[in-house]
Amino acid sequence: MNLLEVRDLQTHFIAYDLDNRLRTARALNGVSFSLAPGRILGLVGETGAGKSLTALSILGLLKPPARVMGGQAIFEGRDLLALPPEELNALRGARIGLVVQSPKTSLDPLARIGQQLVRLQRAHRPDLSAAQAETRAAEMLAAVGIPDPKRRLRAWPHELSGGMAQRVLIAMALVNEPSLLIADEPTTGLDVTVQAQILDLLRNLARERGIGAVIITHDLGVVAHYCDEAAVMFAGQVVEHGPVGPLFARPAHPYTRALIAATPERLQLRAPRSSGAPPNLYALPEGCLYRDRCPIAAEACTRPPPDVALDADHAARCHFAEAA
């Protein structure tokens with residue numbers, strides 16, 4: 001049974017422009033994917049593909065003018081998109097952990113690290129004493145590799161390095177023992193050594209605790225080395241998804257092939273690569289959203305592409321997926 005199942009998620013930005021005309025940007029256009037317990041899914045794609053917006057939509061963290069227009073996000077048998085705000089608040093930070101970008105700006109600058117960890121626990125478990133929550137906080141800091149955790153509980157956010165702050169955010173995401181973890185670009189702004197340490201930590205903690213995890217990234221190397229499955233996004237759609245091994249070995253969608261070809265170690269292969277600007281979300285083309293940049297686009301691409309099953313777990317949204 002899947003831990004999380006996102007079905008046909010649609011999110012639009014609806015607002016008036018400078019000429020007082022109501023305009024709609026179709027940012028998510030039917031996002032679908034699933035995640036089983038203990039598995040790590042990499043949500044990958046170029047900037048503007050809708051990766052972070054997918055997470056914000058699922059978690060009910062959108063701000064106007066963004067609005068979910070349709071779809072479902074079934075988590076542990078409940079549709080997150082249909083829950084009242086108070087029920088969704090009870091799940092966030094408890095059953096669902098979130099690791100956000102920019103750790104230094106995501107922590108409360110006016111509270112010590114220990115205070116923030118204690119506050120987060122007691123918000124979801126009011127029966128927990130402050131002493132118990134502080135003990136648990138120190139244990140969690142130790143679990144994410146922070147030395148001398150009791151002393152670090154008294155530290156202020158500005159006293160932490162970027163890597164240390166990211167570890168604190170991971171501790172906060174896991175302190176209430178969630179079953180789902182969403183990490184949005186968890187290594188942004190960190191040097192490569194610290195990046196590897198953070199990703200190793202996330203993978204090991206997910207494995208040890210049986211957590212289903214979604215790692216949002218634009219880095220195919222992260223997906224290849226740390227994820228079990230991948231969902232490739234373009235223009236607010238998942239255009240290909242499947243286990244990492246088959247997807248990288250036999251990419252079926254032209255966009256996936258272009259992403260792989262654009263990685264530094266592949267540039268010398270001169271494989272077909274896409275070019276051009278991201279699609280205009282206010283005026284998306286009919287049919288395949290990738291056809292204006294696709295090297296194999298044909299007349300059939302003026303019609304919406306089917307979701308072609310290549311095997312039990314690997315599928316691509318393309319008219320020519322079976323010929324890949």
Side-chain angles (χ1 to χ4, degrees), residues 2-15 22-36 39-102 106 169 173 178-186 188 211-218 223 227 229-241 255 278-282 284 289-290 307 317:
N2 288 322
L3 174 68
L4 174 68
E5 190 163 344
V6 178
R7 305 170 183 166
D8 196 30
L9 178 61
Q10 301 173 50
T11 297
H12 297 173
F13 287 82
I14 304 174
L22 190 64
R23 302 189 69 196
T24 299
R26 292 160 49 198
L28 297 183
N29 300 288
V31 174
S32 298
F33 62 85
S34 59
L35 176 67
R39 303 283 286 178
I40 301 177
L41 170 73
L43 204 57
V44 65
E46 63 189 39
T47 299
K51 306 182 298 298
S52 297
L53 186 63
T54 296
L56 294 176
S57 300
I58 291 170
L59 297 176
L61 296 175
L62 294 176
K63 295 182 179 179
R67 185 186 309 172
V68 173
M69 304 301 293
Q72 294 179 304
I74 309 299
F75 171 68
E76 295 183 334
R78 290 187 286 179
D79 183 4
L80 298 177
L81 305 183
L83 290 180
E86 60 274 12
E87 290 188 34
L88 194 53
N89 283 337
L91 288 175
R92 288 195 303 257
R95 301 300 299 153
I96 304 173
L98 176 64
V99 180
V100 298
Q101 299 183 45
S102 307
S106 300
L169 281 185
S179 58
L180 173 64
L181 176 68
I182 298 176
D184 187 1
E185 298 282 7
T188 297
I211 296 171
V214 177
I215 295 180
I216 297 171
T217 182
H218 61 273
V223 176
C227 299
E229 304 162 26
V232 181
M233 290 192 66
F234 178 80
Q237 291 183 340
V238 173
V239 296
E240 186 166 0
H241 60 90
Y255 179 64
N280 181 357
L281 298 178
Y282 290 100
L284 290 173
L289 301 182
Y290 186 60
D307 204 26
R317 184 176 291 193

> For F234, which residues count as a ring pair (Phe, Tyr, Trp, His ring centres under 6.0 Å) partner, sequence neighbours excluded?
Replying inline: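 Counting only residues at least two positions away or on another chain, F234 forms a ring pair (Phe, Tyr, Trp, His ring centres under 6.0 Å) with Y255, Y290.
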Could you check whether any side-chain heavy atom of [X] comes within less than 4.5 Å of a side-chain heavy atom of [Y], counting everything from C-beta outward?
{"X": "Q10", "Y": "R26", "answer": "no"}
{"X": "F75", "Y": "L83", "answer": "no"}
{"X": "M233", "Y": "L28", "answer": "yes"}
{"X": "V6", "Y": "V238", "answer": "no"}

Heavy-atom pair with the smallest gap, counting every atom of [X] and [Y]:
{"X": "A235", "Y": "N29", "answer": "O-ND2, 2.9 Å"}
{"X": "A90", "Y": "A94", "answer": "O-CB, 3.3 Å"}
{"X": "L35", "Y": "A213", "answer": "CD2-N, 3.6 Å"}
{"X": "P186", "Y": "I216", "answer": "CD-O, 4.0 Å"}
{"X": "G71", "Y": "D79", "answer": "O-OD2, 4.4 Å"}
{"X": "V99", "Y": "L181", "answer": "CG2-CD1, 3.9 Å"}

>> Applying side chain to side chain donor-acceptor pair (under 3.5 Å) as the test, list every pair that has at least one member in residues 86-98; sequence neighbours left out.
In response: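 As it turns out, the side chain to side chain donor-acceptor pair (under 3.5 Å) pairs with a partner in residues 86-98, which skip direct neighbours, are E76-R95, N89-R92, R95-S179.
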> Can you name the side-chain hydrogen bond (donor to acceptor under 3.5 Å, both in side chains) partners of T54, sequence neighbours left out?
Replying inline: none
According to side chain to side chain contact (heavy atoms under 4.5 Å, CB included), who are the partners of [X], at least two apart in sequence or on a separate chain?
{"X": "D307", "result": "H241, A315, R317"}
{"X": "V223", "result": "V44, T217, C227, A230, V244, F248"}
{"X": "L56", "result": "L61, L62"}

>> Exactly one of L80, V31, L9 should register a side-chain contact (heavy atoms from CB on, under 4.5 Å) with S57. Which one does?
In response: L9
